[in-house]
Undergrad: 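After the structure tokens below, expect a handful of questions from me.
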Amino acid sequence: QVQLAEFGGGLVQPGGSLRLSCAASGIAFSEYVVSWYRQAPGKQRDVVAAIASDGSTHYADSVKGRFTISRDYAKNTVYLEMNSLKSEDTAVYYCAVGGPRGYWGQGTQVTVSS
């Protein structure tokens with residue numbers, strides 16, 4: 001059975017950094033597009049970053065230059081390194097494998113506040 005779990009969320013001050021992890025079992029990240037989405041209360045869930053099997057990446061304009069998505073195939077884990085965090089980055093962050101109709105994790109809360 002496919003299971004995804006996100007880790008690394010928490011409270012951070014503006015300008016700080018966090019690294020989110022998405023660990024998988026029952027599926028190999030190397031075979032699928034892996035994406036990070038985020039959703040704030042009352043807002044639409046939007047893609048933040050994605051990485052394909054060939055290593056190509058995509059970032060939302062709002063996070064370009066601040067966030068980096070990466071993979072560790074040995075650990076079957078993807079990461080989202082978030083730097084220069086802003087209050088507007090506050091949201092629940094979700095990992096998705098195989099597109100939006102694929103597999104999803106439970107989400108991890110990121111709160112950026114003084």
Side-chain angles (χ1 to χ4, degrees):
Q1 183 179 6
V2 174
Q3 298 284 345
L4 302 178
E6 298 100 331
F7 303 94
L11 176 64
V12 64
Q13 290 185 292
S17 299
L18 286 173
R19 188 177 74 164
L20 305 184
S21 301
C22 176
S25 61
I27 191 170
F29 283 146
S30 61
E31 301 295 326
Y32 299 92
V33 173
V34 182
S35 304
W36 285 98
Y37 287 74
R38 68 184 181 187
Q39 186 172 28
K43 302 294 184 180
Q44 185 177 356
R45 184 178 299 183
D46 294 319
V47 65
V48 175
I51 186 165
S53 58
D54 65 356
S56 60
T57 58
H58 167 81
Y59 298 95
D61 288 342
S62 59
V63 306
K64 285 181 179 177
R66 299 189 297 121
F67 291 11
T68 302
I69 188 170
S70 61
R71 305 167 297 181
D72 186 336
Y73 289 137
K75 298 180 179 179
N76 210 30
T77 300
V78 296
Y79 304 95
L80 185 68
E81 181 72 33
M82 305 185 295
N83 300 307
S84 301
L85 283 162
K86 307 172 181 179
S87 295
E88 65 191 57
D89 296 317
T90 296
V92 177
Y93 284 71
Y94 298 88
C95 179
V97 179
R101 291 186 173 89
Y103 301 97
W104 290 81
Q106 82 287 348
T108 185
Q109 176 71 47
V110 172
T111 302
V112 184
S113 177
S114 299

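Heavy-atom basis, side chains included; hydrogens, waters and symmetry copies ignored. The structure presented is a predicted model; accordingly, all values stated were derived computationally and were not measured.
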Undergrad: Run the numbers on M82 and W36 for side chain to side chain contact (heavy atoms under 4.5 Å, CB included), then give the verdict.
TA: CA-CA 12 Å; M82 305 185 295; W36 285 98; over 6 Å; no

Undergrad: Could you walk me through whether S17 and V12 satisfy the side chain to side chain contact (heavy atoms under 4.5 Å, CB included) test, starting with their C-alpha distance in whole Å, then the side-chain angles of each, then the deciding distance to 0.1 Å, before giving a yes or no?
TA: CA-CA 7 Å; S17 299; V12 64; over 6 Å; no

Undergrad: Does the side chain to side chain contact (heavy atoms under 4.5 Å, CB included) test come out yes or no for Y32 and S53, once each step is laid out?
TA: CA-CA 6 Å; Y32 299 92; S53 58; over 6 Å; no

Undergrad: Under 3.5 Å, side chain of E6 to main-chain N/O of G107, donor-acceptor pair present?
TA: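 Pair found, side chain donor or acceptor close to backbone of G107.
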
Undergrad: Are F29 and V2 co-members of a hydrophobic cluster defined by side-chain heavy atoms under 4.5 Å apart?
TA: yes

Undergrad: Between D61 and K64, does any NZ, NE, NH1 or NH2 come within less than 4.0 Å of an OD or OE carboxylate oxygen?
TA: yes

Undergrad: Between N76 and I27 (side chain of the first, backbone of the second, donor and acceptor by atom type, cut-off under 3.5 Å), is there such a pair?
TA: yes

Undergrad: Write out all pairs satisfying ring-ring contact (aromatic ring centres under 6.0 Å, His included) with one or both partners inside residues 48-71, taking only residues at least two apart or from two chains.
TA: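 Output for this query is empty, none listed.
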
Undergrad: Looking at A23 and F7, what are the two nearest heavy atoms and their distance?
TA: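 Shortest heavy-atom contact: CB-CE1, 4.5 Å.
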
Undergrad: In this structure, would V78 and Y94 fall into the same cluster of hydrophobic residues linked by side-chain contacts under 4.5 Å?
TA: no

Undergrad: Which residue pairs satisfy the disulfide bond (SG atoms under 2.5 Å apart) criterion with at least one member in residues 37-90, sequence neighbours excluded?
TA: none

Undergrad: Is there a path of hydrophobic side-chain contacts, each under 4.5 Å between heavy atoms of I/L/V/M/F/W/Y residues, joining Y103 to Y79?
TA: no

Undergrad: Heavy atoms only: give me the nearest Y37-V47 pair and the separation to one decimal.
TA: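 Distance-wise, the nearest heavy atoms are CD2-N, 3.4 Å.
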
Undergrad: May I have the step-by-step check of side chain to side chain contact (heavy atoms under 4.5 Å, CB included) for S70 and I51, ending in yes or no?
TA: CA-CA 7 Å; S70 61; I51 186 165; 5.6 Å; no

Undergrad: What residue among L20, D89, D46 forms side chain to side chain contact (heavy atoms under 4.5 Å, CB included) with R38?
TA: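 Testing R38 for a side chain to side chain contact (heavy atoms under 4.5 Å, CB included) against L20, D89, D46 leaves exactly one candidate, D89.
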
Undergrad: Which atom pair, heavy atoms only, marks the closest approach of V112 to T90?
TA: N-OG1, 2.9 Å

